[in-house]
Amino acid sequence: MEIYVTWILALILTLILTIFFTVLFTKIKGNLFEDVRGGIPRAIGIAPFIAMVIFFPKPFSYLIGLMGILAFIDDLLGRKKIGSLPIDVGQLLRGIGIIAVMVLGYYCMGPIAILVALMVQIMNIADMQPGTVCTTVFIMSIISFAILTLLGSPLYYLPILLIFICLGYASQDYSGYIMMGEVGNHSFGIALGIILAIVSAVITKGITTTMFYPVEFIVMIILFLITTIIIAYLRKRTLKNYLEQYLNIQNPVFGDYVMDVLTGGGLGDLFRKIIFQNKQYRTNNDILILLGARRFLFNPFAQQYQEHKVFTQHKL
């Protein structure tokens, strides 16, 4: 009975906080209010974030709390550059949070904490389309609940808890009337990552006892990639338009969508700048193209460099 009460309380708290912060951020405005279609309050994901911190068991709640706090600071500050560095505050805070979750999570989950932390990346890309994060959470939580129940794990209640928290937030997110912001997608990423890590551990215990960590890591990679594929499928229409219109990747394949989810966004582009600098590499290999190599190799900094170079030559 206590578990059911927890689920209902989590739903009610998230629903109340979602309404409260929607009204509050609409009045505050600033970086907490996006000037789209007359204005949309953002960072409303602080509502499910608070519920996760309260209702998730320790030490998992600490990991969600750490990532969520850094993400909310990003939401408050907005896209601020750090001096002349090729990085903004959000990218820095996200990077610090990911590394911190990897390090601290290692002590309670082992090496699999690396993939838990990287869930932030794919959820961040998912959140670029209303409702995608929520749908992904629902699908993967239902799958996780089914596996944990079939294997007799007492932690089966956690995916249902996450579903109830998401239900308390989701209604207006699907319609695009509110935005969860970095605090929302980052905290959902860590929370779902923790649940997938638990599923991986339970599955691995039924497979082996001598090579636990390597097998667990492989199982988690599979679940991580399934989540990525779901996000890519849900966003395939918007990703197709984005790749064709903004990246000039014509007739993109599904591998390009998956690669965008895995490596897109500001953090992915930062690594491209570090690795590729101003160079643009291309491939004509059919297999690599199917795997999304065109998206992986696309370097926006090389494009800007070439455009600037063409403009300068024309001006001369």
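Along the sequence shown, the residues carry numbers beginning at 1. Treat the numbers as computed from the prediction; the structure is a model and nothing was measured. Values reported hereafter were calculated over all heavy atoms of this structure, with side chains retained and with hydrogens, waters and symmetry mates removed.
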**Q** Rounded to the nearest 0.5 Å, how far apart are NZ of Lys58 and CD1 of Ile64?
**A**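 Taking NZ in Lys58 and CD1 in Ile64, the distance rounds to 11.5 Å.
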
**Q** Would you say that more than 12 heavy atoms from the other residues, nucleotides or ligands in this model lie under 6.0 Å from the OH of Tyr233, or not?
**A**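 Counting neighbours around OH of Tyr233, 12 or fewer heavy atoms of other residues, nucleotides or ligands fall under 6.0 Å, so no.
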
**Q** Examine distances only and state if a side-chain atom of Tyr174 and a backbone atom of Thr135 form a donor-acceptor pair shorter than 3.5 Å.
**A** yes

**Q** Roughly how far apart are Ser144 OG and Leu158 CG, rounded to 0.5 Å?
**A** 10.0 Å

**Q** Quick one: are Asp127 and Phe188 in side-chain contact, heavy atoms under 4.5 Å?
**A**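 The answer is no; the side chains never approach within 4.5 Å.
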
**Q** So for atom OH, which belongs to Tyr106, do other residues, nucleotides or ligands contribute more than 12 heavy atoms lying within a distance under 6.0 Å?
**A**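 Check fails, neighbour count at 12 or below.
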
**Q** List the atom of Pro252, the atom of Ile249, and the distance in Å for their closest heavy-atom pair.
**A**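 Looking at all heavy atoms of both residues, the closest pair is CD-O, 3.5 Å.
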
**Q** A quick test of your reading: do over 12 heavy atoms of other residues, nucleotides or ligands sit less than 6.0 Å from CZ of Phe296?
**A**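 Atom CZ in Phe296 is not packed in, count stays at 12 or less.
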
**Q** Taking the side chain as every heavy atom from C-beta outward, state whether Leu151 and Tyr156 have any atom pair closer than 4.5 Å.
**A**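 Sidechains of Tyr156 and Leu151: no contact.
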
**Q** Verify the neighbour count for atom CG of Asn285: are there more than 12 heavy atoms of other residues, nucleotides or ligands below 6.0 Å?
**A** yes

**Q** Start with the C-alpha distance between Tyr281 and Phe276, add both sets of side-chain angles, then the distance that settles ring-ring contact (aromatic ring centres under 6.0 Å, His included), and finish with yes or no.
**A** CA-CA 8 Å; Tyr281 297 94; Phe276 301 144; 5.6 Å; yes

**Q** Count the heavy atoms belonging to other residues, nucleotides or ligands that lie under 6.0 Å from CZ of Phe217, then report whether that count exceeds 12.
**A**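 Counting other residues, nucleotides and ligands, CZ of Phe217 exceeds 12 neighbours.
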
**Q** Should the heavy atoms of other residues, nucleotides or ligands under 6.0 Å from OH of Tyr213 be counted, would the total exceed 12?
**A**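 It does not: Tyr213 OH has 12 such atoms or fewer within range.
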
**Q** Checking the side chain of Arg94 only, and the main-chain atoms of Asn124 only, is there a donor and an acceptor separated by less than 3.5 Å?
**A** no

**Q** Going by side chain to side chain contact (heavy atoms under 4.5 Å, CB included), Ile194 matches just one of Ile190, Leu192, Leu196. Which one?
**A** Ile190

**Q** Are any non-hydrogen side-chain atoms of Met180 and Phe49 less than 4.5 angstrom apart?
**A** no

**Q** Please check if the side chain of Asp75 supplies one atom and the backbone of Val183 the other of a donor-acceptor pair under 3.5 Å.
**A**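 Yes, because the side chain of Asp75 sits within donor-acceptor range (under 3.5 Å) of the backbone of Val183.
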
**Q** Would you indicate whether the side-chain heavy atoms of Arg42 and Phe25 approach each other to under 4.5 Å?
**A** no

**Q** Given side chains that start at C-beta, do those of Ile160 and Ile163 come closer than 4.5 Å, heavy atoms only?
**A** yes

**Q** Could you check whether atom CD1 of Ile287 has more than 12 heavy atoms from other residues, nucleotides or ligands sitting under 6.0 Å from it?
**A** no

